[in-house]
Amino acid sequence: MILGIETSCDETSAALLEHDGSVRVNLIASQIERHQPFGGVVPEIASREHLQHLFPLIERALEGAGATWSDVDSISVTAGPGLIGALLVGVAGAQGLAYGLGIPLVPVNHLEGHIYSPFLQKEGAAAALPPRFLSLVISGGHSAIYDVRGNDVRQINRTRDDAIGETFDKVAKFIGLPYPGGPQIEKHGRGGNIDRKRFPFIVPRFREESLDFSYSGLKAGAIRLARQHDIRVDGDAAAVADFCATFQDALVAQLFDRLDSVWKRIDEPKPTEVAIAGGVAANGVIRERIRAWGEERGVLVRLPEKIYCTDNAAMIAFAGLQKGNGGDPRRVTARSRVA
Ligand code: KG4
Ligand code: ZN
């Protein structure tokens, strides 16, 4: 089995994966409650929490799989991008374990973890990867579209400023909703009406021909509109619902606007599958829209199980599997940014 370790942000996670991609155990210790009083992730708290929870979690994972160390033949660890202090806990821990056990260590790019996550199944072996697929990684730290052929991952676009999840979080915080804000906006918007007259969000465009996302304008616009209409979670519930529904619709509109442009631009033969991944891929509205988008174009849509949307070690072990054998654990380094 492969031991996966993830500590790049605010979830400590350890998983055991079979070589066919079956997830034997995937444990996640979320730190959300520790960061909630601050309305976002505090890096130093994240590192300390990882340090405290990582090894007990790995031991529980082994117990849960009824396995011993001799069943583990390699380790995959998130080496970046992420919070450097948080990454170091996972990387140093994985290095020590791999070196001590005399097994290889595979450094994994966190984004590649998300990219392959839609192929993990709730039960049994992972789904077969198609020769080529398009992947939308939408999370708290990233918004980008990738063209993926096997383990050749090419980034097509990215956000110029804020990530989509970050935008959900910051606007939610402004109107008094707890962190993380994405699920909160979705929940509060459920009964609301999309009202672009009252809340005139616009999908931004760049002057030059660009496929990039940009969410900071929507964030600033949302904060201005919330102030203007006195939108507060403890205020008029109907107004909050309409605001959340309209704001969410604007974020999603930009996502699909760019996806359409990417799809038009991409060379033939087009990919046969499109996948979404990352924390924001848990969003029900986005899941519905992408299903419809795929149906219209005859493209198979891969939606990750909700448990594999947020940061988890099963996806890190699975990405490690795509990367091959790994090597000397002493050669692995944590990097907060990955080129
Ligand atoms: O992938 P993730 O766990 O961490 C990063 O690598 O960033 O993503 C967390 C992000 C947060 O911004 C959170 O608000 C967002 O995912 N999120 C959602 C939903 N569930 C989580 N955003 C919109 N709708 C949701 N249902
Ligand atoms: Zn992530």
Side-chain angles (χ1 to χ4, degrees), residues 4-13 15 26 28-32 35-36 39-41 43 46 50 77-83 86-87 90 108-118 120 135-144 146 158-159 162-175 177-190 192 213 215 218-219 222 244-245 247-255 275-290 303-316 318-319 336-338:
I5 295 176
E6 155 66 38
T7 66
S8 70
C9 190
D10 61 344
E11 261 104 22
T12 317
S13 181
N26 180 46
I28 304 172
S30 172
Q31 310 174 354
I32 284 179
H35 299 286
Q36 243 158 8
V41 179
H50 288 309
V77 65
T78 305
L83 302 170
L87 288 164
V108 171
N109 178 315
H110 182 79
L111 296 166
E112 293 184 8
H114 280 301
I115 286 170
Y116 298 107
S117 69
L120 289 172
S135 168
L136 276 79
V137 177
I138 42 179
S139 73
H142 300 274
S143 311
Y146 298 88
R158 66 187 162 94
T159 178
D162 292 7
I164 183 170
E166 188 183 359
T167 312
F168 268 115
D169 294 342
K170 286 180 177 164
V171 172
K173 184 178 177 186
F174 186 78
I175 64 170
L177 291 167
Y179 174 84
Q184 293 287 331
I185 298 266
E186 180 178 11
K187 188 175 102 191
H188 284 270
R190 221 163 266 152
F213 297 112
Y215 280 109
L218 278 175
K219 177 186 67 184
C244 288
F247 170 59
Q248 174 174 257
D249 182 65
L251 294 185
V252 175
Q254 184 182 153
L255 200 62
I276 57 171
V280 184
N283 184 281
V285 173
I286 296 175
R287 290 171 88 90
E288 271 305 306
R289 284 275 302 264
I290 191 90
L303 298 177
E305 296 288 338
K306 292 217 174 155
I307 186 67
Y308 301 131
C309 287
T310 34
D311 293 346
N312 67 87
M315 73 180 191
I316 300 304
F318 188 54
S336 60
R337 288 164 179 274
V338 179

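Atoms within a ligand are numbered from 1 in the order they appear, just like the ligands themselves.
- A pairwise comparison of heavy atoms in C9 and D311 identifies CB-OD2, 4.0 Å as the closest pair.
- Ligand 1 places these atoms under 4.0 Å from at least one heavy atom of H114: 1 (O), 6 (O).
- Counting atoms of ligand 1 from 1 in the listed order, those under 4.0 Å from a heavy atom of T310 are 3 (O).
- Across every non-hydrogen atom of S13 and A313, the tightest pair is OG-N, 2.8 Å.
- Proximity to D311 (heavy-atom distance under 4.0 Å) selects the following atoms of ligand 1: 1 (O), 2 (P), 3 (O), 4 (O), 5 (C), 6 (O).
- Between S8 and L87, the shortest heavy-atom contact is CB-CD2, 3.5 Å.
- Between the CG atom in N283 and the CD atom in E288 there is a gap of 10.5 Å [rounded to 0.5 Å].
- Contact check for Q254 versus F213: side-chain heavy atoms found under the 4.5 Å cut-off.
- Atom OD1 is the N, O or S atom of D311 at the shortest distance from the Zn ion (ligand 2).
- Among protein heavy atoms, the minimum distance from atom 19 (C) of ligand 1 is reached at P183 CD, 3.5 Å.
- Between the CG atom in L120 and the CG atom in N26 there is a gap of 8.5 Å [rounded to 0.5 Å].
- Of the protein's non-hydrogen atoms, the one nearest atom 24 (N) of ligand 1 is N283 ND2, 3.0 Å.
- Remark: ligand 1 atoms within the under-4.0 Å shell around heavy atoms of G165 are 12 (O).
- Counting atoms of ligand 1 from 1 in the listed order, those under 4.0 Å from a heavy atom of P180 are 13 (C), 14 (O).
- Between I316 and G113, the shortest heavy-atom distance links the atoms CD1-CA, 4.1 Å.
- Atoms NE2 of H114 and NE2 of H110, as seen from the Zn ion (ligand 2), are separated by an angle of 90°, to the nearest 10°.
- Taking each heavy atom of A163 and G140 in turn, the nearest pair found is CB-O, 3.5 Å.
- Using a 4.0 Å cut-off between heavy atoms, D169 contacts ligand 1 through its side chain alone, with no backbone atom that close.
- To the nearest 0.5 Å, atoms OH (Y308) and CD1 (I28) are separated by 8.5 Å.
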* Asked: Yes or no on side-chain contact (heavy atoms from CB on, under 4.5 Å) for H142 and T159, after CA distance, side-chain angles and deciding distance?
  -> CA-CA 7 Å; H142 300 274; T159 178; over 6 Å; no
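- Taking every heavy atom of both residues into account, V41 and A46 meet most closely at CG1-CB, 4.3 Å.
- For G140, a nitrogen or oxygen atom sits less than 3.5 Å from a nitrogen or oxygen atom of ligand 1, counting backbone and side chain alike.
- When only interatomic distances are considered, the shortest N/O to N/O separation between G182 and ligand 1 falls below 3.5 Å.
- Residue contacts with ligand 1 do not include C9, since none of its heavy atoms lies under 4.0 Å from the ligand.
- Atoms of ligand 1 found under 4.0 Å from any heavy atom of H110, numbered from 1 in the order shown, are 6 (O).
- Of the protein's heavy atoms, E186 OE1, 2.8 Å lies nearest to atom 26 (N) of ligand 1.
- No heavy atom of H142 sits closer than 4.0 Å to any atom of ligand 1.
- Using a 4.5 Å heavy-atom cutoff, the side chains of S30 and E11 are in contact.
- In this structure, Q184 has no heavy atom closer than 4.0 Å to ligand 1.
- Of all protein heavy atoms, the one closest to atom 1 (O) of ligand 1 is G279 N, 3.0 Å.
- Considering only non-hydrogen protein atoms, atom 15 (C) of ligand 1 sits nearest to V280 CG2, 3.8 Å.
- Note: an N/O pair closer than 3.5 Å links G141 and ligand 1 by distance alone.
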